[in-house]
Every structure is written in structure tokens, then in C-alpha cells.
Amino acid sequence: MFNDEQHYLLKLYRDRVARRSGLMLLLLLALALAAPIYTPQNPYDLAQLNLLDAKLPPLHHSPDGAIYWLGTDDQGRDMLSALCYGLRTSLGVGLITTLLSLSLGLLAGLVAAYSGNYIDSMLMRLVDLQLAFPAILIALILLALVGQGIDKVIIALVIVQWAYYARTVRSAALTEMRKDYITAAICAGYSPMRIVLIHILPNIIPTLLVVASAQIAQAIALEATLSFLGLGLPITAPSLGLLIANGYTYMLSGTYWISLFPGVVLLITIFIINITGDRISALLNPRLQ
Amino acid sequence: MLRSPILIRISHSIITLFAMSIAVFLGVYALGNPVDLLINPQANQIERAQMITQLGIDQSLWVQYQRFLSAALHGNWGTSFVSNTSAWSLIIERLPATVELALCAMCIAIIIGLPLGLIAGLHPSRWYSRLIMNGSILGFSLPTFWVGLMLIMMFSVWLGWLPSSGRGTTTNTLGIPLSITTIDGLMHLILPAINLALFKLSLLVRLTQSSTTLAMLEDYVRYARAKGLTERTIIFKHVLPNIAPPIITIIGLELGGLIAFAIVTESVFSWPGMGKLLIESINMLDRPVIVAYLMMIVSLFIAINLIVDTVLIMINPRLRKQAPSLQSSLA
């Protein structure tokens with residue numbers, strides 16, 4: 001099927017901006033995954049931290065000769081290492097959240113579209129109700145109820161995001177179901193399972209890709225915001241948002257680097273994902289063609 | 001007239017409000033134990049028991065909800081566990097600060113966002129339009145709290161031009177304390193308002209740009225050009241009125257979003273609004289205040305949605321499911 005001139009993956013690959021931003025995204029992922037290999041210290045191993053090195057500005061030398069390229073935080077943690085680990089946590093939370101909420105939303109959307117009866121209207125009422133409120137508010141309240149922790153953050157983000165996928169999948173699936181090939185498949189006596197999985201699903205993947213690219217950036221930003229507010233991840237496994245929050249206390253006295261660099265990395269990450277998403281939606285969104 | 005779409009929407013709103021009150025109440029009261037947090041660890045059993053009866057948490061959930069609902073309908077939203085004053089008055093006290101901040105942010109977003117979006121939509125291939133559109137993606141990508149920190153760092157710490165926290169001097173205007181009426185208050189307001197505006201500004205730029213681009217391809221624009229109208233007349237008399245309704249809708253709906261997002265901005269700038277109160281209450285497990293805040297926000301959202309719906313029904317005849325009036329069939 002990759003010989004097809006109109007295949008969406010081919011279309012994405014041929015677009016210069018999409019190709020470049022996609023490559024940069026892969027590079028970021030590789031950097032995040034390989035963090036333990038190349039970082040000078042393990043920022044979570046308290047034994048490796050030296051309190052005497054606390055709050056050193058960027059490019060400062062430690063007594064044993066190593067350079068703190070991006071300075072250190074209040075506990076003498078090398079910011080460069082903390083950053084790479086933080087990026088790992090942030091990207092990890094974003095990816096897992098997207099995978100889970102996409103699966104949940106896909107299931108709900110397909111069920112709603114295919115059943116079309118009271119299950120459909122009940123699911124969509126729920127989606128409408130949820131989408132009427134801002135994501136940050138719902139996530140904040142959920143976390144206020146269940147407490148902190150990486151698993152709880154992911155649960156809260158999935159609950160916030162599934163509705164976007166469910167709504168998109170449902171409307172995309174309904175559009176597909178009106179087409180002749182589905183009628184033909186029904187006439188051929190295929191089972192509903194086969195029609196949904198083999199005929200409808202592959203055709204709604206481009207639409208799903210458009211939503212997912214926007215949602216993954218939102219998941220990362222939301223997690224950072226929640227962690228900043230003190231309701232997200234615990235201090236033992238900081239994400240980029242928590243690193244920024246950690247530097248907030250010292251910023252007013254001019255110790256800018258603790259907050260600045262994690263913020264820049266967070267910004268670059270979200271920006272690259274958004275640029276990629278923007279190209280994906282420009283190339284694949286059926287309404288824009 | 002009972003089948004009028006506006007009345008149907010009002011009844012939907014009331015049902016939603018009711019459902020949300022149950023969900024909010026259950027969620028907040030069924031989890032966590034405020035007794036351990038609020039009672040002095042050295043207190044004896046009798047003092048504990050007195051406290052529990054006083055707070056009303058020894059009753060069943062159902063009884064607690066009934067109490068909560070009947071009190072709520074009487075305008076009594078419970079007493080804060082921490083400060084021992086009425087939760088409702090705590091919220092109301094903080095409401096003007098949040099609303100002032102949100103409205104200022106919305107004004108900034110509209111004043112800057114609409115013209116930029118219009119420019120980018122009218123000349124999509126020019127370099128400045130690309131700059132505006134990529135800038136808007138950047139605006140989407142910038143996490144609000146980090147922008148706030150950077151603003152503080154730049155304008156308060158390095159340049160020392162603007163204060164970094166609080167509301168400054170407020171004056172009572174019609175009984176409501178406002179910052180915008182004094183120079184000091186205005187100086188305090190600028191940074192948080194810009195911070196809060198940034199995301200909505202980007203949204204408005206993108207929305208205006210895409211509606212303008214689509215509108216410029218319409219036949220009526222071509223006919224207007226053929227008629228020899230100037231670009232200025234085409235834009236202000238024909239394009240703008242046509243793209244206005246969806247933009248007005250989004251502005252209305254996003255106002256609620258701004259009030260919710262103010263939680264983040266208020267925390268960064270120590271702005272004494274409802275959002276900061278919510279974060280403080282969550283950290284101290286002060287349940288009546290959390291519930292009062294949530295119900296306040298939920299009511300606000302439902303009211304905003306209802307108003308936007310009603311306005312849309314009134315300005316768009318196609319949404320009215322009634323026989324077309326003489327006037328609209330002539331138009």
C-alpha cells in the first residue's frame with residue numbers, strides 16, 4: 001500500500017517542513033531516552049550531589065574539575081543532567097498519556113459511531129459535558145482529589161483528553177460509514193468487528209494523527225503546569241515543569257538559570273511538536289483540501 | 001412558546017448544574033480526611049468528636065449532600081475549615097480581582113489579536129503573515145507559567161520597571177475594589193494581564209486568519225471587487241461582518257477559559273484572586289472552599305454558554321426552529 005501516490009505517510013515525507021520537524025522530534029526523543037548514557041551525573045542519586053556546589057552559575061567549575069555547563073540548582077544538582085532526565089519524564093508522560101487516551105477515545109468513538117443508539121447519545125453527552133470545561137480545571141480537580149504521583153498525573157490527563165479523540169473518531173467514522181464501500185462490505189456479510197477494524201479504522205488514522213499531534217503537546221504542557229502548581233509529579237522524579245517551579249523560589253534573587261533552561265527546553269519541545277502537528281493537519285485534514 | 005430553543009437550553013443548563021453539584025460534592029467529600037489535618041494532634045477524643053460534629057462530617061454522605069444543597073440554595077456554602085469564615089464570602093471577596101484580570105487579558109488579546117489575524121489572512125503569502133502565523137504557534141507553545149516567570153525576571157528583577165506580585169493600590173469603584181483605577185494598581189496589572197492574554201491572543205490570531213482567508217475566497221468578495229469597491233470597503237463592510245459571529249462566539253466561550261487559566265497566572269504573580277485561593281485550599285484540604293469555588297466556576301461556565309447560545313440564536317435566524325417571520329423571508 002506504500003506504492004500508493006496518495007498515501008498519507010508519503011505525503012508527510014515529501015513535505016520539507018514536516019520531514020525536518022519530524023526528524024528534530026526523533027532527535028529529542030533519542031536525547032531523552034539516552035539521558036543516563038551521556039549525562040555527567042545522575043541527578044536523582046543524592047550521593048552524587050555536593051551541597052557545596054549549590055546555585056553555581058552556568059559554566060562554573062566544580063572543585064573536582066568538572067564543568068557545570070548550565071549551572072547547578074539549590075542542592076548542587078547539575079542542571080544539564082537534571083534537564084535531560086526531566087525531558088525524559090515530560091516526554092514519557094506525554095507519550096503514555098497520548099497512547100492511553102487515544103486508545104480509550106478510539107474505542108469509545110468507534111462504539112458510539114457503530115452502535116448509533118442510546119449508547120452513542122450517552123457517550124456524546126458525556127463528551128460534550130467534559131469539553132465544556134477547560135482541561136486544566138478538570139485535571140487540577142482530579143489531582144486535588146487523588147493526590148500526587150506519576151501514575152495519577154497520567155490518569156488525570158487521560159480522563160481529560162479521551163473526549164477529544166472520542167468526538168473526532170466518532171465523526172470521522174460516521175463519515176466513512178456513509179460511503180459505498182462500507183455498504184458493500186455489509187452486503188458481503190462481513191461481521192461488524194471486521195468492518196470496523198479492517199475497513200473503517202485504517203481510513204480514520206490520518207484524522208486521528210492530526211488530533212494526536214495537537215494533544216500530545218497539550219499533555220506535556222498540562223503536566224508541566226500541574227507540576228509547577230505543586231499538584232503533579234513528586235520532587236523525587238522531576239519533570240521539566242517541576243524543575244522550573246524549583247527555580248521559581250530563587251529567581252527573585254537573580255538566580256535565573258534554574259528556571260530558564262528547563263523552560264527553554266520545554267518550549268522547544270512543545271514548539272517542534274506543534275510545528276509538526278500544524279504541517280500534519282495542513283497536509284492531512286480533509287476539510288482543508 | 002415552551003418549545004422555544006432558548007427555554008430548552010435553559011432547562012438543559014439547570015440539569016447540568018444539578019448533575020455537576022452531585023459530582024463535585026461526591027468527589028470532594030468522599031476522598032481525603034480533613035479531621036487529621038485540622039485538629040490539633042494533642043486534642044483528646046472529646047475535642048475530636050466535638051469538632052467532627054461541628055464540621056458535620058460524621059453524617060452519611062447523603063445527609064451531608066442534602067445539607068450542602070439546601071444550604072447552597074440559601075446562599076450558604078459552608079464554613080471554611082481553616083479560616084472559619086463563610087466559604088462563599090471568601091470566594092466573593094476574591095472574585096473582582098480575577099474578573100478584572102481576565103477582562104483586561106481578553107481586551108489585550110482582542111486589540112492585538114484581531115488586527116494581526118486580519119493582516120495575516122488578507123496577505124497569506126507575505127513574509128510578515130508567515131511571521132505572525134509562526135509567532136502564533138510559538139504563543140501556543142509557550143507554557144503560561146514559564147512566560148510569567150520570564151516576565152517577572154525581565155521586568156521586575158533585571159529592569160526593575162514593574163512590580164512582581166500583588167494587586168497594588170485598589171480603589172472602591174461602585175463598591176468593588178479595582179486596581180485599574182490607580183497608577184500603582186495598573187503597574188501591578190500589566191504583567192499578569194499580558195501573561196494571561198498570550199494564549200488567547202494566539203488563538204484569536206489563528207481563528208481570524210483562517211476565517212479571513214476563507215471569506216476572501218467567497219463570491220461576494222469577487223462581486224464587490226467587480227463592482228469597483230475599494231479594498232478598505234470590502235474588508236470593513238463585507239468581510240468583517242461575515243467573520244464576526246464565530247469570533248464573537250469564541251471570545252465569549254473563552255472568557256470562562258481565561259478565568260480558569262487565571263489559576264496559573266495568579267499563582268505566579270501572587271495575584272489575590274479566586275485561583276490562588278483554590279490552590280491554597282487544595283493544599284490545606286479546605287473542602288468547603290474547594291466546593292464553593294467549583295460550583296462558582298461551574299455556574300459561571302453554564303451561564304456563559306447559555307448567554308452565548310442565546311445571543312447566537314438571536315442573531316442567526318437559521319438556529320430558530322420556527323416558521324420564518326416575514327422580515328427574515330424578505331431579507
Side-chain angles (χ1 to χ4, degrees), chain A residues 17 125 128-129 132-138 140-147 214 217-218 220-231 240-241 244-245 247-248 251-260 262-279 287-288, chain B residues 12 16 19-20 23-24 26-28 30-32 133-134 136-150 152-154 156-158 164-165 199 206 210 214 253-254 256-261 263-264 267-268 275 278-279 281-283 285 287 290 293-294 297-298 301-302 304-305:
Chain A
V17 180
R125 276 278 153 278
D128 282 343
L129 187 66
F133 298 95
I136 176 108
L137 195 66
I138 301 175
L140 201 68
I141 292 155
L142 285 172
L143 283 175
L145 299 180
V146 297
Q218 217 218 348
I220 292 175
L222 259 183
E223 180 273 315
T225 306
L226 292 169
S227 296
F228 174 77
L229 290 172
L231 294 163
L240 292 173
I244 297 171
Y248 178 46
M251 210 185 54
L252 290 178
S253 53
T255 313
Y256 64 90
W257 56 89
I258 307 180
S259 276
L260 179 68
V264 172
V265 173
L266 182 64
L267 170 64
I268 292 174
T269 311
I270 299 177
F271 189 61
I272 293 177
I273 297 176
N274 279 343
I275 289 272
T276 318
D278 197 52
R279 286 314 296 167
R287 269 186 298 170
L288 293 177
Chain B
H12 276 191
T16 315
M20 289 303 287
V24 165
L26 275 185
V28 176
L31 297 146
M133 292 320 286
N134 281 331
S136 74
I137 298 186
L138 189 68
F140 266 135
S141 309
L142 287 164
T144 309
F145 65 98
W146 187 69
V147 177
L149 291 184
M150 292 302 112
I152 290 181
M153 200 168 81
M154 209 174 235
S156 306
V157 180
W158 286 350
S164 67
S165 67
F199 192 85
R206 295 190 77 77
S210 66
L214 288 180
L253 291 177
E254 291 297 327
L258 271 180
I259 289 173
F261 260 99
I263 298 171
V264 179
S267 299
V268 175
L278 174 73
I279 297 290
S281 306
I282 287 175
N283 286 330
L285 274 192
R287 289 192 268 178
I290 302 177
Y293 174 87
L294 289 182
I297 279 278
V298 168
F301 264 86
I302 291 173
I304 290 175
N305 283 349

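These numbers were taken from a predicted model, which means no experiment stands behind them. Below, read A as the first sequence line, B as the second, and so on, with proteins coming before strands; counting in each chain starts at 1.
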| query | Can you say whether B:Leu149 sits under 4.5 Å from chain A via the side chain, the backbone, both, or neither, judging by heavy atoms? | reply | both

| Contacts of type side chain to side chain donor-acceptor pair (under 3.5 Å), residue B:Asn134, not counting sequence neighbours | none

| Partners of A:Phe228 by ring pair (Phe, Tyr, Trp, His ring centres under 6.0 Å), sequence neighbours excluded? | A:Tyr248, B:Phe145

| request: Heavy atoms only, distances under 4.5 angstrom: which of A:Gly241, A:Ala217, A:Pro134 has the most pairs with chain B? Name it, please. | output: A:Pro134

| request: Kindly give the heavy-atom pair with the smallest separation between B:Pro143 and A:Leu266, and that separation in Å. | output: CG-CD2, 3.4 Å

| said: For a 4.5 angstrom cut-off between non-hydrogen side-chain atoms, does A:Leu137 reach B:Ile263? | reply: yes

| Atom group of A:Ile220 that falls short of 4.5 Å from chain B, counting heavy atoms | neither

| request: Mark yes or no for whether B:Trp146, through its side chain, and A:Ser259, through its backbone, hold a donor-acceptor pair below 3.5 Å. | output: yes

| query | In residues 272-279 of chain A, which residues are in contact with chain B at a heavy-atom separation under 4.5 Å? | reply | A:Asn274, A:Ile275, A:Asp278

| task | Test B:Leu142 against A:Ile270 for side-chain contact (heavy atoms from CB on, under 4.5 Å), laying out the working first. | result | CA-CA 8 Å; B:Leu142 287 164; A:Ile270 299 177; over 6 Å; no

| query | If you take all heavy atoms of A:Leu229 and B:Ser267, which pair is closest and at what distance? | reply | CD2-OG, 3.4 Å

| field | Which atoms of B:Met150 approach chain A - backbone, side chain, both or neither, heavy atom under 4.5 Å | value | side chain

| Between B:Val268, B:Ile304, B:Leu214, which has the largest tally of heavy atom pairs under 4.5 Å with chain A? | B:Val268

| said: Report which part of B:Val147 has an atom under 4.5 Å of a heavy atom belonging to chain A: side chain, backbone, both, or neither. | reply: neither

| Which atoms of B:Ile282 approach chain A - backbone, side chain, both or neither, heavy atom under 4.5 Å | side chain

| field | Sub-4.5 Å side-chain heavy-atom contact between A:Ile141 and B:Ile290 | value | no

| request: Only counting residues at least two apart or in another chain, list the ones meeting ring pair (Phe, Tyr, Trp, His ring centres under 6.0 Å) with A:Phe271. | output: none

